[in-house]
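Here the structure is laid out as structure tokens; the discussion comes afterwards.
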Amino acid sequence: MRMTRVAATAAAAVLALTMAACGSDDGSGTGTGTGSGTGSGNTATGVVGKAASGSLKIGVKADQPGLGLQTGTAYEGFDIEMAKIIAKGLGMQESGIQYVTTVSANREPYIQQGTVDLVIATYTINDERKTKVNFAGPYFMAGQDLLVPAASTITAPEQLAGKKVCSVTGSTPAKRIQENYKDAQLQLFDSYSKCITALAGNQVDAVTTDDIILAGYASQSQYAGKFKVVGKPFSEEPYGIGLKKDDKASCDKINEILKAAATDGSYKAAWDKTLGASGKAAPELDVSKLTNCA
Ligand code: GLU
């Protein structure tokens with residue numbers, strides 16, 4: 001029994017050494033490892049180091065059609081495709097991604113506490129959040145907008161005075177209503193799908209968040225003809241990939257991966273498969289703006 005255990009331990013050690021020497025478990029040969037190590041095996045830390053060991057926990061949204069939507073155990077959407085691009089660029093198999101559902105308010109704490117390694121969840125880069133986490137990207141530019149019933153006369157946030165408007169706790173759109181449109185009656189939930197249900201039930205007059213999120217709900221078949229997106233965005237919401245504040249090396253590496261995705265067709269393919277399915281052309285990923293890693 002004792003011998004067996006010793007033999008097993010030795011075998012495991014040999015296996016570990018072999019894997020470290022190969023630097024990669026897909027047999028694809030002569031790569032330079034993770035790109036940020038010293039060249040002597042896997043010395044990388046943070047997200048790059050975790051990816052080299054084959055798995056990453058990525059926080060995503062679960063109820064935002066076209067962006068991050070969970071059906072059964074599967075997740076789909078543009079943010080999910082971005083997660084796959086990042087994982088591949090870090091040398092990982094797609095099967096090593098473990099998706100973790102996040103809501104707007106728990107993204108910073110999930111990163112800070114290590115509940116997730118990355119957040120790719122319609123996550124606006126801003127200075128306040130940068131005091132807590134690091135951001136690769138932006139990989140997309142959204143803007144705050146309004147979703148209203150098809151017959152509504154609301155065409156701008158100024159007209160929300162005295163009206164019930166729904167948004168999500170911990171989001172930048174909710175904060176903007178609280179600060180700039182104080183006469184609106186803000187109703188907060190933890191996720192946008194609850195706001196949509198409230199709008200469908202005439203319990204609120206409008207839902208506010210990023211235009212791209214609202215468009216995803218409006219295009220769902222059960223709401224066909226019921227809602228309209230006002231279409232006059234009143235903020236800039238650059239979407240970033242959140243990671244630990246002290247992990248600048250991984251942040252830089254993810255920006256390199258985004259840069260490659262902008263030119264090798266994978267960014268466009270991610271769009272075409274998800275948000276672009278309705279015919280909207282893929283945006284440009286502006287690589288000159290990948291300057292947020294700190
Ligand atoms: N992009 C905005 C934010 O990060 C709104 C979308 C969301 O809540 O996920 O707060």
Side-chain angles (χ1 to χ4, degrees), residues 58-70 75-83 99-112 115-116 118-147 157 160 165-181 184 186-199 204 206-219 229-243 245 271 274-275 283 285 289 292:
I58 303 186
V60 297
K61 294 295 184 77
D63 69 338
Q64 296 179 192
L67 287 150
L69 187 68
Q70 184 182 16
Y75 289 81
E76 63 179 24
F78 185 60
D79 280 344
I80 309 305
E81 295 306 313
M82 293 307 300
Y99 294 108
V100 177
T101 297
T102 58
V103 292
S104 300
N106 65 19
R107 292 174 293 193
E108 290 93 271
Y110 269 27
I111 292 169
Q112 290 174 304
T115 310
V116 297
L118 294 175
V119 165
I120 310 180
T122 59
Y123 196 12
T124 294
I125 302 170
N126 66 26
D127 287 343
E128 189 185 337
R129 289 172 179 168
K130 276 187 187 177
T131 65
K132 298 176 185 157
V133 300
N134 226 323
F135 283 107
Y139 61 91
F140 183 75
M141 185 63 80
Q144 183 169 356
D145 210 327
L146 301 169
L147 183 75
L160 293 173
V165 58
C166 191
S167 198
V168 161
T169 309
S171 72
T172 49
K175 197 161 181 226
R176 193 166 291 105
I177 296 296
Q178 280 164 333
E179 288 174 356
N180 298 356
Y181 305 98
L186 182 61
Q187 163 108 45
L188 291 172
F189 287 112
D190 64 350
S191 73
Y192 295 108
S193 53
K194 291 177 186 164
C195 284
I196 300 300
T197 305
L199 186 66
V204 297
V207 177
T208 189
T209 185
D210 303 337
D211 46 6
I212 194 75
I213 299 175
L214 297 173
Y217 289 118
S219 68
V229 181
V230 165
K232 285 188 279 178
F234 50 97
S235 75
E236 287 197 336
E237 307 289 333
Y239 285 180
I241 296 172
L243 71 167
K245 190 165 160 52
W271 175 273
T274 57
L275 297 167
L285 197 172
K289 296 214 165 75
N292 290 284

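All ligand and atom numbering here is 1-based and tracks the order in the structure. Atom set for the values below is all heavy atoms of this structure, side chains included, hydrogens, waters and symmetry mates excluded.
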Sequence neighbours left out, cut at 3.5 Å: what donor-acceptor pairs do the side chains of residues 139-146 make with other protein atoms?
residue, atom, partner, partner atom, Å
Tyr139, OH, Asp79, OD1, 2.6
Gln144, OE1, Arg176, NH1, 2.6
Gln144, NE2, Pro173, O, 3.3
Gln144, NE2, Thr208, OG1, 2.9
Asp145, OD1, Gly231, N, 3.1
Asp145, OD2, Gly231, N, 3.1
Asp145, OD2, Lys232, N, 3.3

CD1/Ile213 to CD/Glu237 distance, rounded to the nearest 0.5 angstrom?
8.5 Å
Lys289: what forms a salt bridge (charged side-chain N to carboxylate O under 4.0 Å, His left out) with it, not counting sequence neighbours?
Asp286
Using the salt bridge (charged side-chain N to carboxylate O under 4.0 Å, His left out) criterion, which residues pair with Glu81? Sequence neighbours excluded.
Lys84, Lys273
In this structure, OH of Tyr239 is separated from OG1 of Thr124 (nearest 0.5 Å) by 6.0 Å
Provide, line by line, the atom pairs where ligand 1 and the protein bring an N/O atom each to a distance under 3.5 Å; else say none.
residue, atom, partner, partner atom, Å
ligand 1, 1 (N), Thr122, O, 2.8
ligand 1, 1 (N), Thr124, OG1, 2.7
ligand 1, 1 (N), Asp210, OD2, 2.7
ligand 1, 4 (O), Arg107, NH1, 3.4
ligand 1, 4 (O), Arg107, NH2, 3.1
ligand 1, 4 (O), Thr122, O, 3.1
ligand 1, 4 (O), Thr124, N, 3.0
ligand 1, 4 (O), Arg129, NH1, 2.9
ligand 1, 8 (O), Ser104, OG, 2.6
ligand 1, 8 (O), Tyr192, OH, 2.6
ligand 1, 9 (O), Lys61, NZ, 2.6
ligand 1, 9 (O), Ser104, OG, 3.4
ligand 1, 9 (O), Arg107, NH1, 2.9
ligand 1, 9 (O), Thr122, O, 3.2
ligand 1, 9 (O), Thr122, OG1, 2.7
ligand 1, 10 (O), Arg107, NH2, 3.2
ligand 1, 10 (O), Arg129, NH2, 3.0
ligand 1, 10 (O), Thr172, N, 2.9
ligand 1, 10 (O), Thr172, OG1, 3.3

To the nearest 0.5 Å, tell me how far Ile120 CD1 sits from Leu118 CG.
5.5 Å
